[in-house]
Amino acid sequence: MSDERTDQAEARTRTRAEIDLDAVRTSVAALAARAGAAATMAVVKADGYGHGMLPCARAALDGGATWLGTAFLEEALALRAAGITAPVLCWLSVPGERFTAAIDASIDLSASAPWTLREIAAAARSVGRPARVHLKADTGLGRAGATPADWPALCDEAAALQAEGVIEAFGVWSHLAFADAPGHPTVQAQIGVFRDAVAIAEKTGLTPTVRHLANSAATLVSPEAHFDLVRPGVSVYGLSPGPEVGPPGRFGLRPAMTLVSHAALVKRVPAGTGVSYAHRYTTTGDTTLAVVPLGYADGIPRAATNLGEVLFAGRRRRIAGTVCMDQFVLDIGDDAAAAGDEVVLFGPGGRGEPTADDWAAALDTINYEIVTRIGTRVPRVYR
Ligand SMILES: *Cc1c(COP(=O)(O)O)cnc(C)c1O
C-alpha cells in the first residue's frame, strides 16, 4: 500500500493533492494570534482533514500550536508513534477502548459519562500512572458531553477518582453548535452553560487547568469563547469555517490543498453524443471531450454530476455528465487541449481555479466534506 502510494507520488503525471505546509504554518500562526493568551490545539483528526496527519501536525506545531487534537485513539497513537511529544487530546471512545495504551502514551482522554471515567481509572491502575482527563459538558450541542442534569454526577465521580490518584481532571470542555453563525444567540447561551459547568466542577473540588470551547469559527470571531485553549480544525488547513464567517483571506488563512490531475484522453465527438453513464449530458454540437482520471472513489462527489467545476485548458469547465468511480468528463467545445494537460479541481483560487468553498457551494455541502473525502488513491505531495 505505502509502496503504491510512493509509486504514484513519483509518477506525478496523473493525480495528486499538493499540500502547502507553509500555508498550514501561516494559518496556524494567524489562529494563534487570534487566540491571544489562549493556547492553540490544532485538530488533526481524519488524516489532517484529508491533508495528511503527520506532516500537518508538525507544520501546525511549527506554526505555534502547542496541543494536537484527534477524534480517535488510533489517530493519537499514530502521532506518538511518529515521535510527536506535544500534548494530545483524543475525545471519542467506546467501551473497551485501549485506554492503557493511551495512558502509556501520555494521551489526554475525554469523558462524557461515568463509565468512561471508570474504564480510564481501571486502565490507570493497571498502568500504575494517573490518566489526564478532560470532562466534557454538553452545553447545547446535543452530541457528546454530560447534560447539565448529569454533570454533577460526572464531577463527583471524577473527584473521587482524582482523590484516589488514578485520574487528573485536567480539563473541562465543550463544543459549540452554531459557531459558524456569528452572533447566533446559542453561542452566548452555551458560554453561560459552560461557565456554570466550570463552577460546579470547582465546587466539587476539581481545579481544571484548561477550559476549552472554541472551534475554528469561535477562534476567529468569538473571543469570549477562547478561555484557556482553542481547538481550530478546518482553519488549520487555511479554510474558512463557513461563508458567514468570511473568506479565508480576511483572517490571514491560506488554503493548503490543491487537487491536480491530468487529462487521460482528449477526443472530438459529434453533436448529440451522450456522455458518461446514463447519458445525463449530451453534446449540443461537434465538440471536444476530455476524460479526467478522478472519480467518486477518490472523493469527487457523484453529486457533482453536471455541477462541479474545474480549471482546464485556460478556463473553468463544468463536469459533463455522470461522475464515475474513477473518472469524469469535460466538454471543452472547440478549445485546444491534449492528453496530459493539467486539470486543477480546486486550490487557493489564485490561478482562477475553483476553491473547496466553490465546490461546497455548488454541491450544497461544506468545504470540510470536500477536503476530508479525498481518497487514499490520491497521493499527498508536500511543498
Ligand atoms: C472537529 C472538532 C473541532 C474542530 O472543529 P473545526 O470546525 O474544524 O474548527 C473542535 N472540537 C471538536 C470536539 C471537534 O470534533
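When a ligand or atom number is given, it counts from 1 through the structure's own listing order.
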Hits for ring-ring contact (aromatic ring centres under 6.0 Å, His included) against Phe194, two or more places apart or cross-chain, chain-then-number order -> Phe227
Pairing residues for Phe99 by the ring-ring contact (aromatic ring centres under 6.0 Å, His included) criterion, not counting sequence neighbours: none
Measure from every N or O atom of ligand 1 to the protein's N or O atoms and keep only the pairs below 3.5 Å, writing each with atom names and distance to 0.1 Å.
{"unit_1": "ligand 1", "atom_1": "7 (O)", "unit_2": "Tyr368", "atom_2": "OH", "d": "2.6"}
{"unit_1": "ligand 1", "atom_1": "8 (O)", "unit_2": "Tyr49", "atom_2": "OH", "d": "2.6"}
{"unit_1": "ligand 1", "atom_1": "8 (O)", "unit_2": "Val234", "atom_2": "N", "d": "2.8"}
{"unit_1": "ligand 1", "atom_1": "9 (O)", "unit_2": "Ser216", "atom_2": "N", "d": "2.7"}
{"unit_1": "ligand 1", "atom_1": "9 (O)", "unit_2": "Ser216", "atom_2": "OG", "d": "2.5"}
{"unit_1": "ligand 1", "atom_1": "9 (O)", "unit_2": "Gly233", "atom_2": "N", "d": "2.8"}
{"unit_1": "ligand 1", "atom_1": "11 (N)", "unit_2": "Arg231", "atom_2": "NE", "d": "3.0"}
{"unit_1": "ligand 1", "atom_1": "11 (N)", "unit_2": "Arg231", "atom_2": "NH2", "d": "3.3"}
{"unit_1": "ligand 1", "atom_1": "15 (O)", "unit_2": "Lys45", "atom_2": "NZ", "d": "2.7"}
{"unit_1": "ligand 1", "atom_1": "15 (O)", "unit_2": "Arg143", "atom_2": "NH2", "d": "3.4"}

Please test Thr283 against Asp331 for side chain to side chain contact (heavy atoms under 4.5 Å, CB included), starting from the C-alpha separation and ending with a verdict. CA-CA 8 Å; Thr283 59; Asp331 178 351; 4.2 Å; yes
So does Arg98 have more than 12 non-hydrogen atoms from other groups sitting under 6.0 Å from CZ? no
side-chain hydrogen bond (donor to acceptor under 3.5 Å, both in side chains) partners of Thr139, counting only residues at least two apart: Ser174, Gln190
Pair His134, Trp67 - check ring pair (Phe, Tyr, Trp, His ring centres under 6.0 Å), show working. CA-CA 14 Å; His134 299 231; Trp67 285 72; 5.7 Å; yes
